[in-house]
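Bear in mind that the values here come from a model prediction, so they are computed numbers and not experimental data. A note on names: the letters A, B, ... follow the listed sequences, proteins ahead of strands, and every chain is numbered from 1.
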Amino acid sequence: MADEAAIGRDEVEVMAHLARLDLADGEAESLARDLGRILAAARALAALDLEGVDSAYRVGGGEEGETGVWPGTAEARLRPDEVAPGLERDAALAAAPAQADGFFLVPTVVERT
Amino acid sequence: MNGSGRLDAVAWARRLGRGEARAVDLARAVAARVRAVDPDVHAYLAWDEEALVKAAEEADAARAAARAGPFAGLPTAVKDNLTTVDFPTTCGSRILEGYRPPYDATAVRRLRAAGLALVGKTNMDEFAMGSSTEHSAFGPTRNPLAPDRVPGGSSGGSAAAVAAGMCLWALGSDTGGSVRQPAAYCGVVGIKPTYGRVSRYGLVAFASSLDQVGTLTASVRDGAALLDIVAGHDPMDATSAAVPAGGCLAAAEEGLSQGEAAWRGVRVGLVREALGGGVDGAVAARVEEAARALEGAGARLVEVSLPTLDVALSAYYLVATAEASSNLARFDGVRYGLRRQAATAADTHRRSRGAGFGPEVKRRILLGTYALSRGYYDAYYVRAQKARTRVREDLLSALGECDVLVTPTAPDLPFGLGERTADPLAMYAADLLTVPASLAGFPALSVPAGRVDGLPVGMQLMGRPFAEAALVRLGAAWEAMRPWELPVWAEGGEGR
Amino acid sequence: MSATAARAAASAYELVIGLEVHIELRTRTKMFCACPVTFGAPPNTAVCPVCLGLPGALPRPNAEAVRYGIRLGLALGATIRLRGTFARKNYFYPDLPKGYQISQYDQPLVEGGAIDVPTADGGVRRVRVVRAHLEEDAGKLLHGEGEARVDLNRAGVPLVEVVSAPDLRTPQEARAYVAELRAIAEALGISDVRMEEGSLRVDANVSVRRRGEEAYGTRVEVKNLNSLRSLERALAHEGERQAALLEAGEAVAGETRGWDEVRGVTYALRRKEGEDDYRYFPDPDLPPLVLAPDAVERERAALPELPAERRRRYAQVGLRAEDAALLASRLGAARYFDAAVAAGGRPREVAAWVLGEGARIENEGGPALEAGGLPPHQLVRLLERLERGDIARTAAKALFERLVREGGDVDERIAAEGLAAVDDPAALAAAVERVLDANPRAVADVLGGKEKAIGALVGGVMRALGGRARAAAVEAEIRRQLDGRR
C-alpha cells in the first residue's frame, strides 16, 4: 500500500471522470483532503500480514465443510432457461426522463472506444 | 383506543387474533401518532394513512373470514431503500426523488403476503451511507429519546419510527451496522441476520456483499417474529441461502419464559478489544455490567480477542465503497431518476450524477473508484478483501471458544445533530464494532443494555452463521432478566 | 503513399493478428434474467427490472448459457474451469443499463484450446485460443440528430467471447478462423451465427513486424468488424497502414480504431486518458460459478460432430478437399448431404448438386436446400432417374430448381410434365432423320471423317426433342442412319 496516502486534486478529478461525477468548484480539493485522511487511516491494512490469505470474500455460511453450510450447489443457484413475464413497455418507460416511440431518449452519444 | 402503553407487536397480533381489538383501530392509532409526532421526528419520507387504514380493514375482513395470517393488519414501516410499488423509493436521495419502482422487493412481498399493513417509507442516510441519518437529502431524523441527537443510521428513520411508536415494527437494512447502531441509539432491538438469510431482491444496493435486510422492533420477540416473516430462500437473489428459515419466534418465546435459565452454562465471549480504546468508558461499563449479570445467571465469561478489529473498519470502508462505486453507476438519468440535460450523453451523466448525489455519496463513490482503479486495486481492494477473510477467521476462531460474542453495539452514545457531519472519519468510527459481523456475514443482534445519562446503550450479540434462533433465544432471555422500557405508542401517548 | 507503394512496403512486413469474437448464444432467455432473447421485437418489449438495471434488481445466471459455454470450450479442446467467477466491467454508456457489464475476468469458464483453421492448400493451421468467457450484451443505440434512442431488448443477451492468441498472419487466415469458429458454434447449436444480425461480432488486435523478427509490434485494436468481408478488408488495410508508418520511420500508436466500410479505411477513435480503466472486480451479486465435473462430462458426451471431423469424413467418402471443407462449413447443407447419402445417393454426385445448383439457388435468393421443397430422398430419386436416362441433365437441373423453390414429387413431375426421355425408337428415328436432312453439311463432315461434327447433330436432335432424349441413344441412332447414307 502506498505509504504516502495523500491524494491530489488531479487524482480526484480522474476518479470523478471515471465515475461521471460533476464536482462543484472547490469540491475536488475538499474531497482530496477527505480521501487522503480515509486512506491514511487504511494504512493499518498495510501492516497486516496477509501472506497466503484468500482474497475471495466468503460471506454467510461459506462453503461446505466450513462452519455452517452454504447449501445447494452452484448449479442450484443457476436459473433454468425458462421465459418469465417481464415489464410491459409502459411500465419500463414510466420513470424515464425522456422517451419517445417506445425508446429511451438520450442526448447525442459520442462513439464509444 | 386504549393502548397498553408498551409497544408489543406480537401481543397486539394475539389480541387481534382473539378478536379483542381490530386492526383498523390499531392503524388509526398509529396514524394519529405519526401525525402528532413525525413533524418533529421526521422518521417517514412518505406515509399514507388512507392506504394503511384500508390494508387494516382488509386484514380485519380476512380475519373475520378466518383467512388471515397471525400478524395480518399490523402497521409496519419499511426503510426507503426497499422497493415498493405503492410508495416512492428514494433511498434518501435527490437522484431518486419521486421514483416509483414497478416491482416490490421480496421482503416487502413477504410482508404483504403475511397481511401486514404498510405505514410508509422511512428516512435514511442517502443510499444507506451514513451512521446518523443526517445524510438524507430530505433532512435528518431526530432521536425520539433525545431530540437534539441523531437516531443513528442509516436506518435511523425505521429505528425512530419504532422508538416513537409510529409503527409496530419496521424493516431496515444493515451494511456495516445500519440496523444495529440506530437500534442501540434509539433504545430498541435490531437484528442483522446472516448474509443470505433475507433476500436482497429489491433492496437498493449499497454494498452487495454486505447488505442485509434486518428488523427494528421494540422487543426481541417482535424482531424474531418479523424475521420469520421475511426470511427464507429466494431464487431471485443468487446470494440467498437455501437454508430452512423460521423458528425464531418460538426460540424467542422459549428464551422469554426461561429467563436467566437460558443463559446457564452459556459461554459468553467478551471481546477484549471492544471494551478498550476507541470505546466510550461509560458505554463499555454498561456492557460489562450486563456481562456480569449474565455471569450471575450462570453464564461463563470467556475473554476472547479479535485482533483484526482495528483494521476491520478500514477494510469495510474500502470494500463497501468499491462495491458502491459500481452499484451506483446505474443512476445515470437515462431510465429513471434525476436528469440534468447537457449536449452529450456523457455530460448528461456527469451533471445528473453531480446534481443528484449528496457529498457523502460522492465521497464514497470516489473512494471506491480509487480502490478499484488501475494501480491501486491490489493495494486497496484486494488487500481489504484479504483482511476481510482474516476478520472472518478471527470471528470463527473466537466463536470456537464461546457460544456468543458480546460487545457494545456502538462505541459511543447518540451524538448531537450536526456534530460529526463535517468529519467523515468520526462518523465512520460509529461503525467500529458492527463491521466485523458484516464483513464475515454473521448474524448479530443489538439489545438495550441500560442507559448513561438517560441515553440508551446497546449490547451486541454475535453468533454463528444461520444461528439467529439461538441469538434471539438468548436476547429474549436477557430481555426477561432486564426488561427495558418499551416505546409508548398509543394515541395520546406522551412519548417519553 | 500510393496504394501500390503501400503494398510494396507491406510485403516486407508480417501481420500479427489476434481476434476477439463475440458469439451471441441462442438461449431462450437472457444471461441474467428470464426475459426472452428476441430479434426484431418492438423496442423495450423484452425487458424486466434486471436487464433494465432498475434499483434493487439482481442477476441470476442462466444455466443453459453456462452449458453452451462448456460445450464450446470442449469443442475447442479447452480446459473448463470448475470454479470461475463473474466480474464487473465498469464503464458508462447509455446502452449499458447498470453502468457495468457482467463478464468474466481472471477466472473465465474456458481456458486454452485451439482451432485448426483449414488453409487454402487443404492443410490446417492451428490457432491457439487463450480463453473464452461468458458475458452479457449491451442494448442498442440508434443515433439520431442531436439525440439517440435506446432499446434495451438486447441488453443482457448472453455472449461468449472467444479470444485467440496472436497466431494469425494474414487477413485470409483471420477470415478462415472466424468462419471455422462460426461453423463450430453452428454445429454445437449454441448460436444463430448470423453476422449480419450481429449475433457474431469481431474485434481484432493487429500489429506488424518486419519479416523474420520475433518481437511483436505495437498493437492496435480494430473494433466492430461485422462481416467476414469487412474483417478481411480492414485487416489488409490496417496492415498496410502500419507498415507504411514504420517504413516512413514513424511509430504506430497503440490505440483503438474503427472501420469505415464505405471509405475502406480504419480511423482512430477518440479516447480520453484512463478511459479504459474498467475497474474489474468480482461481482458481489454472484457467488462463484462452481460446476460439478459430471456436468462437464454430460456436455462432452453430447457433443455433436464438429466441422473438422466432418471434413475428414467427407474426404474419406471421396469428396475433394475443397468440397469437403465447403460442405462442412455449412451445417444445413452438410446435414442435407448426409441425409441424401444415407438415402443411397453417391457422395460426389450429391455434393456436386448441393454445392453447385443448391448453393446457386440460395445465392440467387432462393431457399436454402435444407429449407426448400426437395427433401434429400427426392434428390436421390432425381439422380437415379437422371442416371437411368429417364431425364436429361439440362431438364434435371431445371426440375431441381423448380422442386427446391416450389416442392413436389420427382416422379410425378417427370411424368406430368412429359420430362421423361423419349424412349420410342420410332419417334427418335424420325427426329434424327429430320435433323440429318436439315444439316447436309454436318452429315457430309462426319461421313468425311470429321468425327467432332457429330456433336452438332446430337445437339440438334436434343433440341428437337426438348432435351428429353438420352444423348447416348441419340448418337447411336445417328450413326445407324449415317451408315445407311454412306
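- Here the OH-CZ distance, from C:Tyr91 to A:Arg20, works out to 11.5 Å after rounding to the nearest 0.5 Å.
- With sequence neighbours left out, the salt bridge (charged side-chain N to carboxylate O under 4.0 Å, His left out) criterion links C:Asp192 to C:Arg26.
- Only the backbone of A:Ala19 comes within contact range of chain C, judged by heavy atoms closer than 4.5 Å.
- Per-residue heavy-atom pair counts under 4.5 Å with chain C were compared for A:Ala84, A:Pro80, A:Pro85, and the maximum is reached by A:Ala84.
- In this structure, A:Glu82 has no salt bridge (charged side-chain N to carboxylate O under 4.0 Å, His left out) partners at least two apart in sequence or on a different chain.
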Could you tabulate the donor-acceptor pairs under 3.5 Å formed by side-chain atoms of residues 35-59 of chain C, not counting sequence neighbours?
unit_1: C:Asn44; atom_1: OD1; unit_2: C:Leu152; atom_2: N; d: 2.8
unit_1: C:Asn44; atom_1: ND2; unit_2: A:Gly102; atom_2: O; d: 2.6
unit_1: C:Asn44; atom_1: ND2; unit_2: C:Val150; atom_2: O; d: 3.1
unit_1: C:Thr45; atom_1: OG1; unit_2: C:Pro42; atom_2: O; d: 2.6

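- Of residues 97-107 of chain C, not one residue has a non-hydrogen atom less than 4.5 Å from any non-hydrogen atom of chain A.
- Counted within 6.0 Å of CZ on C:Arg201, heavy atoms from surrounding residues, nucleotides or ligands total more than 12; the atom is thus considered enclosed.
- Contact count versus chain A (heavy atoms, under 4.5 Å) is highest, among C:Glu64, C:Arg149, C:Glu147, for C:Arg149.
- Here the side chain of A:Thr108 pairs a donor or acceptor atom with the backbone of C:Gly146 at under 3.5 angstrom.
- C:Arg60 and A:Arg79 get closest at one heavy-atom pair: O-NE, 3.1 Å.
- For the residue pair C:Thr27 and A:Asp81, no side-chain donor N or O sits within less than 3.5 Å of a side-chain acceptor on the partner.
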